Each structure stands twice: as structure tokens, then as C-alpha cells.
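All values derive from a computational prediction rather than experimental measurement. Just so we're on the same page: letters track the sequence lines, and every chain starts at 1. We use all heavy atoms of the structure for the numbers below, so side chains are in, but hydrogens, waters and symmetry mates are not.
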Amino acid sequence: MSSESAPAVPPFAIEKARTRLFGLTLDECIHAFFGGSACMAVVVLTLITVFLFREGADFFGKNHDNLRIYRQAGLEYVDYIRQQERDHTALTRYLSDLRLRTLRYLTAEKGLTVAQANARLAGFDDFAGRYGDAVEPVRGLVSDLTETATAIKTKYTVNEDAKEGRRQLLAEGKKDEAAAITIQDVDFKTELAPITGTLPLYKEASATFSKNLGEIVAGAPVLPAPELQARMVKFQELTRDYLATFPETLHALEQWDYAKPVPFTQAFTAFFFGHEWLTASFWQDWYGVVPLLVGSLLVSVIALCLAVPLGVGAAIYVNQIASPREQKLIKPAIEFISAIPSVVLGFFGIAVLGQTLRAISQVAWLDWIPGFPFAERLNALTAGCLLALIAVPTIFTLAEDAINNVPRAFKEASFALGASRMQTIIRIIVPASLSGIVSAVLLGLGRVVGETMVVLLCAGNRIAIPDFTAGLAVVTQPVHTMTGIIAQEMGEVVRGSIHYRALFVVGIVLFFLALLINFLAQKIVRKYRISIG
Amino acid sequence: MVTPITSSSLAAPMEKSAAPSKFSVHVPASSASAGTADTLIEIQNLDFYYGSKQALFDINLKLDDKRVTAFIGPSGCGKSTLLRCLNRMNDLIDGTQIKRGSLKIRGVDIHGKDVDSIELRKRVGMVFQKSNPFPKSIYENITYGLRIQGVNNKARLDEVVEKSLRGAALWDEVKDRLHESGLGLSGGQQQRLCIARTIAVEPEVILMDEPCSALDPIATAKVEELIHELKKQFTIIIVTHSMQQAARCSDKTAFFYMGKLIEYDDTRTIFMNPGNPQTEAYVSGRFG
């Protein structure tokens, strides 16, 4: 009986489904798809990192060669003397600035006409002329040496190219053609003889120069106003300081030895602490990241100074003060800003903002603002203003989230103790959401540091460390940025060249900067979650 | 007559002034003056709306000075709403409105045009259901109310901190860690910190919105004990779901149901001899 009734019980069907795709059930397929998508992100990130490092790593070797040849071909030697000449030029600029001031004083204060004033300055001009001409012996020497050193470098470069060509031919199996290429290794010692041989000549020239300059400066004309005279005294002091460096230069030249090895660390220090980014130069290429880094940071700081008050202020207003209708208007409007393509913003920056800022800066009664008036339409300020616009939506959205996460109970408690709305915001809401706000700012910073198009179009692209002695006016100087230089130069460089690799290393620096910022932001957010929970 | 509270285990930790087992025990302490108390708050014909939904219907109530009044009633009966009307906390909620009637403290209509709700809240403090110390130190929590009034004198603040913490029976537990975060305290300590924070600004009235609902029995007993001490100085209005608590703590009790005031009388009368069958049903635990 029991054996007959058994089939009536429905089977306990718990086997896996039969429908299979590549041997996987539907669930497993979905699992694989999501898992694959997640893995993809990790794989891509790894590939990008590896690629960046592979392309960039060789830079330091090449830079080391670059620095080595700088020494061996005698360029370094010549640059010692050239530096002396440049310092002198800087001093003559000081002198012409002083002349301009004196002229202005004479015309404005003494009521002389320009012609009369110029006549009055004849003695000064004579002095300045003699001061300027004093450098001639050294200058002549430099220009001769420059040619010789360049020739050595060219010879070396041509030779290296020939070697490379032969290596390629050999690799292709064309032995005859390879043999036809003649290679003459450069013997630096003999090649350098004409350069190092000029040392006595230099000694003589610099001694004359030094003596003449000393005499000229001692007989400086007396200027009509105490303020101007003070500057002249300062100038005399500067000149004396300058003359005091002569023995040092001479010593460096005497000690100079082409065979002295360049330490490999210098390839790194020359990049990370180098003050010059100079490429495709006839003389010597320098790959120093400092001006670009400083440019990037300056622009970012300007952007944050504008974006933080705007973004955080708007977030506080929308979350705490605005009526529901205002919220509905403001939130989408701010979030919409992030939808504007950055190239359009850059275009707007060139066509409208730069022009307007310059016009504003030239309004007479605004000249008390540091840096006003300025002549450069495209500068760090213009780029910073636009970058602020890019950072505002990020900061606003995240800061609003953070403020929204402050428990309502804090707000009620504060009100119940007789606090006004403003007191509650300033003393309770903002401190309680501070870490969230800080991480919002950091993520905004990350957005700004990585932004390319706007800075390329609007920052002015002058590769030089901005003059921070100008104080706040530094913001009105044109700068170049790390992102900008990559976008600008990557299209023109020879693949595999030192310049190409240098750009990759700049990319790595940028990558790590962004990584650091994001890491900090995440860390702060995590801490904040714990403290609220 | 059923007396639902006699077997209360919650009362066990209570001491001297509120001896266990009988809710009526504390009455002698205040009964001497019970009949002669002045009216502090007078509510007349109050209709209150959340948007278009009416939450309070024609409330008329006179609350005594320096007494504890309990609001009881099932959830959603409007007792918390009425409490929050007393310091205008409902202003923070969009769409709330008093359509009719008035709330007067010492004869002043607190919803009048010229009333500064900030000044009102300095006089009418509030303790919330869930303890909500600020994420600041204990010291800063207590001094917050004074600092926003511009008091920055260190000596005065120190004095107030000690006085308030003693007043809230918390001083001995926290005196060595005044500068540690208030969030590090236990639930009961946090609630007493909130009470200390409230009395630091020396209000006249303290509103308590279910102050013990998140606390364990021992912490509850401490807060109740505190209420007995506080009523010497302050007028206290307490909303509670626990009838035992109402019986133990309060001098007068108001029973609300569906937004209406059903009965208001001496606590003893409400629990022993309620005049309304609904009140009797509620206090005896048949509904709610």
C-alpha cells in the first residue's frame, strides 16, 4: 500500500535549474557579469598605473644623460660665466627703472617738461651707459664660448644618432650599410681645450670688468630726491654684493672638471626641484616641475578661495534657510553648472571674463587692490575664477549632504536653548558637519587640480615661477600648469624622447597628487561617519 | 477600582521622597501648597493644525506654577504637539498653524505678534525624548545656552556648569571629565546632561517630552528623582507614556485623546477616581 501511494507525493524538487548558458545558470551569469564589471575597474586602474610608470620611468635615465652631456660638452662651464652676465643685466634693469622714477619725479614734482627732464638726466644716462658697457669683455667671451660648446654638443648628438642608426641597421641585418656609417667618438678632453683654455682670458676680462664697475659705481650721480637717492644707495650696495661673487665664480671655473661624474640622484632633484621647464632649446633643455606645480597649486588655491565660501555658503543656505521653493530653484541651478563643458567655460573665460577682469582692473579708483591694474588678460586669476565655477557644484552637493546628515535633534536642542537660527548654524550645524565639509572641499580641490581645458585656455601659459614677492598681486600673473603642459606639448613631442617621458612623469606627479587628495577626503569622511554614529 | 501601578517594579529603586509601591506617597510633600498654587500658563480654546489636518481641538487648560503637570494619552493624541506649542518649537515645522485660541504665560500671549520666540525659549526650556547632547564636551554642552547669550566670563561659566550638573545630579559622575565628549556618557547620563543644559539657562518652565522612554529602569528612577528636586525651582510639564511615571512624578495630570483634553485634575483623582469613563479605561490599561 505504501509503495503504491508514494508516487502521489510531489517530488522534493530542489535541483539547480536546467537552463544553462556556457554551463552557467542564469544566476551565475548575472553574478559573473557584475563581478566582471567590478573587476574591470580594478584592472583598468592597474593598467593605467603600470602604463604611466612604464612610459615615465625611463625619463630619469635620459635626464641623467642630458645632465651628463651638459657637463661634458662644457655647457655648464659656459653657464657659470653667462650667469655673471645675466646678473649684470638684472642690475641694469634696476638702473633703468630708477631712471624712469627720476624722470617721473622731475616732470611731476618739479614741473619740468620731458625734454628738460631728459636733459637734466644726461649725467645719469652717461653713468648708466658706462655701467652697461662695462660687461662687454665678458659678454664677448660668452658668445664665443657658446658657439664652441654648442658645436661639441651637436657633434656628440650627431654621433649618438649615427650609432643608433647603425644599431638599427644591424638589427635589420644590413651589415654593409651599417659598416658605411662612420662613427667618431667625441674626445671631450681635446674638444674642450679651446673652452677651458680661455680661463686666463676670462680672468683678465672679469678683472677689468670688476675694476671698471667698481669705479663707475663709486662715481654714481646724486639724485634729486631722498627717496630716489636711497634707491641709488641700494643699487650701489647690490653692485658691491654682485662684485663680491666674482671670486666664487672664478673658483668654480677653476675647479670645474668635465670628467666629474653627475650623481644619478641629480636626475631626480633636477626634475622635482628644478626651477626651469625649457624644451626644444638650442642650448640646454631643462625639465624642472616646480614652475608647473606652483602654477597648478596657485590656480587651485585661487579657485578654492572663491569656491569654498560660495559652495559651502550655498549649501548652508539651501539646507537650513531657504524655503522649499528656493530649494527647488537653487539646487538644480548649481548642479547644472557642472554640466557645462569645460572647453565652453574656457572659451567664455577668454572672450568675456578675462576681458572684463582686465577692464575692471584698469578702473582708476580700484587701483588700491593689489595687482591692479594688470595687462595680461589671461592669468591665474581668470583661470582660478572659472575653476571655482567648476568646483562649486562638487563642493555644494557634498557639503549639502554633510549638513543634511546632521541629526535634526541637534538643531532642535539648540533652538530649545534659545539660540537663533544663525547661532545654531554657526555653533552647531557647521561644526557637526565640518569633516564632511572639509572632505567636500578636498574633492573639489581634486576636481580643480585635474582640470585641463580651462587652465590651458585661460591661465596664460607662461612657464615661470610666479613672483611671490609681489604679495597678493601674484594672482594676476600668467602661469602654466601640469595638466596644461601635458595637453599642450604631448601632441608635438617625438614618441620615446626625453621630452615625451618628462610629460609622463608630470602625469605621474599629477596622479599621485589627485590620489593623495582623494585619500585624505575619504579618510576624513570615514572618521566623520564614526563620530556621528 | 483597578490600580494599575501598585505592582510597579520601576518604583523599587526610588528612595525616601518617593517611597515605593504607592503613587500617592509623594503627594504629602507637595500637598501643603497644592491647593494654593498660582496659575502660570493658561491655554484657552486652542485649535492647532498641521497643514490642513487639525491636531488639537479646543484645548482649555490652566497649569500651576512650580508644580509638575503630566500629559498622558495614547500615541497621536496631541500631547506632544501641545507641549511643543508652549515654546513654539512647532514653528520649525512648515505648515503648522494656530487657528484659534491663545496660550498665555503670566498673562502674555506667547504666539502674539511682538513675541520673540528666541526669548521665549530662553524662558521655556525643553528636554527631548531621545537624549541629544551636542557633539561637544560636557562643559561646552552646559555652557552653550549661556555662550549664545554672550556670556564668556570663565569664572561665571565654571560656576554655572557645577551648579547645573549638581542640579541634575550628574556632578559627582562627570566632574573629572568635563572636557570629554558628551556623547561618551551612558544614555541616562546623557539625558541628565540635557536636563543640566536646560537648567543652566535658568528657564521658568521645563518641558519634558517623554524624557525616560529610551532609558532603563534605573536611569529612569534617577531622572524621576531629579524631577522632584527640580520642581522646587521650576514649573515642569512632562509628557509620558508611562502611567506609573505620571503617577509617581506629577501633581496634576491631563489626559488627552484624539486631540481633545478629556480630563484634567489632581493626579490622585485621575488615577483613583477619574470622572470620565475614557480616562478610567486608559489609566486602568484597557486601551492605549
Look at atom [atom1] of [X] and say whether more than 12 heavy atoms of other residues, nucleotides or ligands are closer to it than 6.0 Å.
| X | atom1 | answer |
| --- | --- | --- |
| B:R156 | CZ | no |
| B:K66 | NZ | yes |
| A:F519 | CZ | no |
| A:L472 | CG | no |

Any idea which heavy atoms bring [X] and [Y] closest together, and the distance?
| X | Y | value |
| --- | --- | --- |
| B:M126 | A:A416 | CB-CB, 3.9 Å |
| B:Y144 | A:T424 | OH-CA, 3.9 Å |
| A:A413 | B:R197 | CB-NH2, 3.3 Å |

Measure [X] against the heavy atoms of chain A and call it side chain, backbone, both or neither at under 4.5 Å.
| X | result |
| --- | --- |
| B:V124 | backbone |
| B:P203 | neither |
| B:F134 | both |

Worksheet item: Are the side chain of B:N132 and the backbone of A:F410 linked by a donor-acceptor contact shorter than 3.5 Å?
Response: no
Worksheet item: Within residues 84-91 of chain B, which positions have a heavy-atom distance to chain A below 4.5 Å?
Response: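 Expected list: B:R84, B:N87, B:M89.
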Item to complete: Could you tell me which residues satisfy side-chain hydrogen bond (donor to acceptor under 3.5 Å, both in side chains) with B:N152, sequence neighbours excluded, listed by chain and number?
Response: B:R147
Fill in: A:R427 side, atom CZ; B:E140 side, atom CD - distance, nearest 0.5 Å
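It is 8.5 Å, given to the nearest 0.5 Å.
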Got [X] and [Y] here, is their nearest side-chain heavy-atom distance under 4.5 Å?
| X | Y | value |
| --- | --- | --- |
| A:L417 | B:R121 | no |
| A:R421 | B:I118 | no |
| B:I148 | A:M422 | no |

Fill in: Top contributor to chain B contacts, counting heavy-atom pairs under 4.5 Å, from A:S323, A:P324, A:A419
A:A419
